2 protein chains.
Amino acid sequence: MTRQAEQAEQALRASGHRLTPQRILVWDVLRRAGDRHLSAEEICAEAQRTVPAFNLASVYRTLALLAELGLARETRLGDGPAVWEVAHDDEHHHLVCRVCGSITHHPDEVLDRIAGHLLEAHGFAAEELELVVTGVCEDCRAAGR
Amino acid sequence: MTRQAEQAEQALRASGHRLTPQRILVWDVLRRAGDRHLSAEEICAEAQRTVPAFNLASVYRTLALLAELGLARETRLGDGPAVWEVAHDDEHHHLVCRVCGSITHHPDEVLDRIAGHLLEAHGFAAEELELVVTGVCEDCRAAGR
DNA sequence: GTATATGCAAAGTCTTTGCATCGTT
DNA sequence: AACGATGCAAAGACTTTGCATATAC
């Protein structure tokens with residue numbers, strides 16, 4: 001078993017939650033997605049390839065749990081459903097391409113500095129920073145779109 | 001009439017849209033709100049004090065139009081309804097206090113630099129930057145919350 | 001065996017749309 | 001008078017919740 005899979009199992013057990021096939025499956029789908037950002041619906045569709053009865057409600061409940069345990073991360077990007085990914089330690093921002101719809105993310109030291117600045121200059125204790133940048137990605141620009 | 005009210009009237013006329021009491025009213029409500037960020041529902045409630053029949057659907061349609069004309073700006077802050085404000089020229093980020101729910105915003109030179117960096121280093125042409133910072137505001141921290 | 005998780009369906013929240021009527025131009 | 005805007009109600013998109021059944025512990 002991979003390091004990451006173990007991490008999820010232990011976090012579930014430690015928090016007194018049960019280890020169900022559904023929870024493991026959602027976590028697997030999320031990990032296998034890699035950089036891709038999946039909506040609850042997409043996660044459900046993928047999970048149903050293994051467990052046909054898999055229900056959207058369970059996906060939402062599982063994602064909420066994983067988020068609570070710090071394992072998954074939800075992001076709302078303008079319209080449409082929220083997207084999910086494995087939580088990363090570093091602050092990062094999302095680059096959303098208006099043309100092809102691709103969503104990439106990318107750690108940025110600048111965000112850390114912003115947090116420090118907000119506390120010193122404005123007394124605001126930042127806990128979560130979410131930067132969403134909309135624009136046109138490199139590929140689409142090269143293709144003249 | 002104020003400079004800002006004129007601006008809205010002219011933008012509406014110039015774009016071939018009609019100048020209706022409802023549109024003027026939504027714009028007024030938005031302007032009078034100052035720094036406050038209002039949801040469509042709140043705008044509707046406020047507008048109904050002047051025009052009791054005022055309808056939520058009209059609020060949404062009007063806000064969409066004002067946004068299209070660059071006069072109003074929508075922001076989605078986590079859960080709950082989107083909030084609206086008069087559009088400002090400068091990029092700015094939103095500070096959301098997790099304790100008292102206050103929403104403030106505050107221009108930041110850092111965001112401009114991020115846009116430049118994204119283009120040079122990653123070929124991504126940023127068009128819109130939206131930074132939402134969640135945390136605890138100065139007042140709530142002083143009150144030990 | 002017991003308490004928690006799931007599946008299903010129904011409800012909830014926020015937003016958009018269809019259509020007849022009204023009002024601006 | 002003509003065409004766009006409004007009000008109302010209904011539908012839509014996404015997410016949450018209630019409840020009976022199933023299952024991990």
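Remember, predicted model here, so these are calculated numbers, not experimental data. Hydrogens, waters and symmetry mates play no part in the numbers below; they use all other heavy atoms, side chains included. By convention in this document, chain letters (A, B, ...) are assigned in the order of the sequence lines, proteins followed by strands, and residues within each chain are numbered from 1.
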- line: For nucleotides 20-25 of chain D, 5' to 3', base contacts (B), sugar-phosphate-only contacts (S) and non-contacts (-) with protein non-hydrogen atoms under 4.0 Å give ---BBS
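Mapping A:Gly16 and B:Ser39 onto DNA chain C by nearest heavy atom places A:Gly16 at the nucleotide closer to the 5' end.
Closest approach of A:Ala82 and A:Glu74 over heavy atoms only: CB-OE2, 3.4 Å. Heavy atoms only, all atoms of each residue included: B:Trp84 and B:Ala64 are closest at CH2-N, 4.4 Å. Closest approach of B:Cys44 and B:Asn55 over heavy atoms only: SG-C, 3.9 Å. In terms of heavy atoms, B:Val96 sits closest to A:Phe124 at O-CZ, 3.5 Å.
Nucleotide D:dA5 holds its P atom 17 Å from the CG atom of B:Leu25, rounded to whole Å. Atom-to-atom, CD of A:Glu68 to P of C:dA5 comes out at 11 Å; the value is rounded to the nearest Å. Rounded to an integer number of Å, the gap from A:Arg23 CZ to C:dT6 C1' is 9 Å. A straight line from CH2 of B:Trp27 to P of D:dA5 spans 18 Å, rounded to a whole angstrom. Counting to the nearest Å, the P atom of D:dA5 and the CG atom of B:Leu69 are 11 Å from each other. A:Leu63 places its CG atom 15 Å from the P atom of D:dC14, with the value rounded to the nearest Å.
The stretch residues 40-61 of chain B touches DNA chain C through B:Leu56, B:Ala57, B:Tyr60, B:Arg61, each having a heavy atom within less than 4.0 Å of the strand. Contact check of residues 74-86 of chain A against DNA chain C (heavy atom, cut-off under 4.0 Å) returns no residues at all.
Within the 4.0 Å cut-off from OP1 or OP2 of C:dG23, not a single side-chain nitrogen or oxygen of B:Gln22 is found.
In summary, B:Glu130 and B:Arg73 engage in a salt bridge, as defined by a charged side-chain N under 4.0 Å from a carboxylate O.
The hydrophobic clustering, which links ILVMFWY residues whose side-chain heavy atoms are closer than 4.5 Å, places B:Leu56 and B:Leu65 together. Residue B:Val132 is not grouped with residue B:Leu95 when hydrophobic side chains (ILVMFWY) are merged at heavy-atom distances under 4.5 angstrom, including chains of intermediate members.
Checking side-chain atoms of A:Arg141 against main-chain N and O of A:Val136 turns up no donor-acceptor pair under 3.5 Å. Although no hydrogens or angles enter the test, the distance criterion places no donor-acceptor pair under 3.5 Å between the side chain of B:Glu85 and the main chain of B:His37. When atom types are taken as modelled, the side chain of B:His88 and the backbone of B:Val86 share a donor-acceptor pair closer than 3.5 angstrom.
Between B:Val83 and B:His94, every side-chain heavy-atom pair lies at or beyond the 4.5 Å cut-off.
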